[in-house]
2 protein chains.
Amino acid sequence: MITIKSIAKEANVSEGTVDRVLHDRGGVSKKTEERVKKILKKHNFKVNPVARALAMKNKFNLLTLMPNYDRDNLFWKSPYLGILEASAEVKNYGVTVINYFFDQFDSDSYLNQFEALMDAKPSAVVIVPTFAKETKQIVDRLEKLEIPYLFFNIDLEGFDNISFIGQDSYMGGYVAGKLMHLSLGDQTSSLIVQSRLNVNNYYAISKRIEGFNDYFKKNKIKNECMTLSIDNLNDAAYTKEKINSFLEQHDSIKGIFVPSSRISTIVEAIKDSSLKKCQLIGFDNTEQNIQCLENDSVSFLISQKPFEQGYESIRLMTDFLVKHKKPADKIYSPIDILTKENARYNERNEREFQHNDN
Amino acid sequence: MITIKSIAKEANVSEGTVDRVLHDRGGVSKKTEERVKKILKKHNFKVNPVARALAMKNKFNLLTLMPNYDRDNLFWKSPYLGILEASAEVKNYGVTVINYFFDQFDSDSYLNQFEALMDAKPSAVVIVPTFAKETKQIVDRLEKLEIPYLFFNIDLEGFDNISFIGQDSYMGGYVAGKLMHLSLGDQTSSLIVQSRLNVNNYYAISKRIEGFNDYFKKNKIKNECMTLSIDNLNDAAYTKEKINSFLEQHDSIKGIFVPSSRISTIVEAIKDSSLKKCQLIGFDNTEQNIQCLENDSVSFLISQKPFEQGYESIRLMTDFLVKHKKPADKIYSPIDILTKENARYNERNEREFQHNDN
DNA sequence: AAAATATTCGTGTACGCACACGAAAAATTA
DNA sequence: TAATTTTTCGTGTGCGTACACGAATATTTT
């Protein structure tokens, strides 16, 4: 095994000197620096991250900024669990992870939580950049302090983030279109149900809709497609009234596409008779959504491995901090097609381990 | 942070003593052992695996026994890449991984490679238990030496393996049935194409067929289903002749189900006219198979994340060796539904990293 | 040329754990 | 009670790296 010590011996210098050239600490003459570097390259030396982690002990403060989850919006639970799992693993690498949560419908809480986060002196930050304009402010401050940051789940363009981890929204919608076509056959009509409150991650939602429509366009399939916007999905009575009256007026509708994670809310609102008549397709494997699959009210869900998104965000940022590995610019999550049958096999929210110590 | 040292101080003993009770090394009086254990539990002490790895340096020999891959059988490349990736990660934990490959059609090579493996004195073994009877012999010897072993991809029952990682074959076939139904509608007929040479992992194949048929039975859908067995899929001319003449004789066939990873072979054999008429569904995301998706000759592939299977096998066994974590008895892989559109998003054969060191 | 400063580099300690060696304490024997 | 054996436990070193401290060497100033 090639170690700093062995390199030092070969170069006729001390371990300290090798360390200095390895980390560009300066204080080494050109001549010896060259010599050491050559030997380093010759042996393709890589520092042992285990030893490094032990020696550096708790030097990194990895902070996250993401939406909280509640009964109505369970989606963000999965990435959080992924983050927790990864946190435990990277702890021994001297990386401490602390999570900051904001209300995904309130940009002020986004900024407030960011302030709290900055007070904690982050070494690196993982963000769900829910609000475009506010993210610009945030990022400016991070860049001024040279704090690396990574986006996950929402893909804002034009920033200097280390990487993005999440789904290709356009293609997600495109696949949804294909499934709708498959379920309904040629020549039919479907409805897209949106929430007006989704101004925040509007980018992803609109990309999905674009992909959905493009599937029919590109494959030259006739699909009369309507759109219904609902102001507040959390108001059950209102939603119910709105959607059912729409469906009654448009009897030809055979498919309903919900480009957000809220399809279970829609299912609860729709009358049974309409529900039986329609094929529903939505996004994300929240518990409620999966139950809709299982009781046959929803035909397909498109999922994106949210647990893995959280998990990988932490792992990648840790690798960046500890091993100086820069991940790819964009890492796309799978576009998983979930049905009643395969849904339960798709997601594992936690690795099921039994501890044997004691 | 709670360390062995802090535990030792609290218990008024030396670090060595704490180490002794931690690892049941003996040589500690009942009284002090109790005392130390109580303090250990009180703080929920867990050894720092990083420090442990550093101190133990290269103590574990993790050996794998799996089929090799070639041009005709590319399936086993993915798990191998997963194993390679994991190997690099666990190296610094003092785990050395060495792979032994056998010919999946030759049980003798299975046993021979196992002998070679045993000569290398394994600390633990990861096996693709391709041959049932021979695996019994192998396992007997492993158990005698108390060497832990883990199965992946093929789920042989009745053994004392640490865990199994792979797909639920029955449910994979079941989902294939559903997709076939979706593609063909009610009242149709389909063909199952098997290879006679698949005696080895016959178990998985037959389970898939069972699931496929059960989908139609359980949902009371009429599907006239025929079966065609082909002796040697590697003989292209023979396969061509056999399958095309069968299709001509049975003009009603609209769907073809290939419960192995060889659907691309079938595609090459079938005449274009028949190909256009039929919906094909197969298994596994080999490069050839994905190309068949992309040129529209295959409608769906069912995939099982083979890369992750290999990767996780090594990670889990490493956790077992290093951290004494015992994984769940069975860890089922996802049943991924691949189409032309989402296939390329599904699998990442390697984490795309750019090394920044030097 | 001596003194002062700047540059270059070696040494030592810590990180948390595993394990070998041998010392102290307890139990046994003479 | 002294000598011997056995049990119990403390000390020290190494794993590979990071980093602080200060020593040796080279360079500049007077």
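Naming: A, B, ... by sequence-line order, numbering from 1 per chain. Nothing here was measured: the structure is a model prediction, and the numbers come from that model.
Across the interface with DNA chain D, nearest-nucleotide mapping of Met1(A) and Asn12(B) shows Asn12(B) to be the residue nearer the 5′ end. Of the two residues near DNA chain D, Lys57(B) and Gly26(B), the one whose nearest nucleotide lies more 5' is Gly26(B).
Within 6.0 Å of NZ in Lys57(A) there are more than 12 heavy atoms belonging to other residues, nucleotides or ligands.
Regarding Ile2(B), its CD1 atom lies at a distance of 16 Å from the C1' atom of dC15(C), rounded to whole Å. Atom P of nucleotide dT13(C) and atom CD of Glu15(A) are separated by 14 Å, given to the nearest angstrom. Rounded to whole Å, atom P of dC15(C) lies 17 Å from atom NZ of Lys91(A). Summarising the geometry, the separation between CG on Asp24(B) and P on dA18(C) is reported as 13 Å, rounded to the nearest angstrom. Distance CZ (Phe45(B)) to C1' (dA18(C)): 12 Å, rounded to an integer number of Å. One interatomic measurement links the two molecules: NE2 of His23(B) to P of dA18(C), which rounds to 4 Å at whole-angstrom precision. Across the protein-nucleic acid pair, Glu34(A) atom CD and dT8(C) atom C1' stand 16 Å apart, rounded to whole Å. Computed from coordinates, the Met56(A) CE to dG16(C) C1' distance equals 16 Å when rounded to whole Å.
Salt-bridge check for Asp140(A) with Lys144(A): failed, with every basic side-chain N at 4.0 Å or more from each acidic carboxylate O. Note on Glu157(A) versus Lys330(A): salt bridge recorded, some NZ/NE/NH1/NH2 to OD/OE distance being below 4.0 Å.
If you run ring pair (Phe, Tyr, Trp, His ring centres under 6.0 Å) between Phe101(B) and each of Tyr80(B), Tyr110(B), Phe114(B), only Tyr80(B) comes through.
For Thr17(A), the listed nucleotide lying nearest its side chain is dC9(C); candidates were dG16(C), dC9(C), dA18(C). With dC19(C), dC17(C), dT8(C) as the candidates, the nucleotide lying closest to the side chain of Ser29(A) is dT8(C).
Among the heavy atoms of the strands lying under 4.0 Å from Leu54(B) is at least one base atom, whether or not backbone atoms are also near. Here Asp19(A) lies in heavy-atom contact (under 4.0 Å) with a base. Within 4.0 Å of Lys30(A), counting heavy atoms only, lies no atom of the nucleic acid at all. At the heavy-atom level, Val13(A) lies under 4.0 Å from the strands shown only through sugar-phosphate atoms. Backbone-only engagement by Arg25(A) is indicated by non-hydrogen atom pairs under 4.0 Å involving sugar-phosphate atoms exclusively.
Donor-acceptor pairing under 3.5 Å is lacking for the side chains of Ser333(A) and Gln167(A).
Rounding to the nearest 0.5 Å gives a distance of 6.5 Å between CG of Leu54(B) and CG of Asn48(A).
Mapping heavy-atom proximity under 4.0 Å, the span of DNA chain D touched by chain A runs 5' to 3' from dG16(D) to dC19(D).
An OP1 or OP2 oxygen of dA18(C) is reached within less than 4.0 angstrom by a side-chain nitrogen or oxygen of Arg52(B). Between Lys59(A) and dC15(C), a side-chain N or O to OP1/OP2 separation shorter than 4.0 Å is absent.
Using cut-offs of 30° and 60° for the angle between ring planes, the Phe152(A) and Trp76(A) rings count as perpendicular.
Residues Phe151(B) and Phe164(B) place their aromatic rings such that the two centres sit no closer than 6.0 Å.
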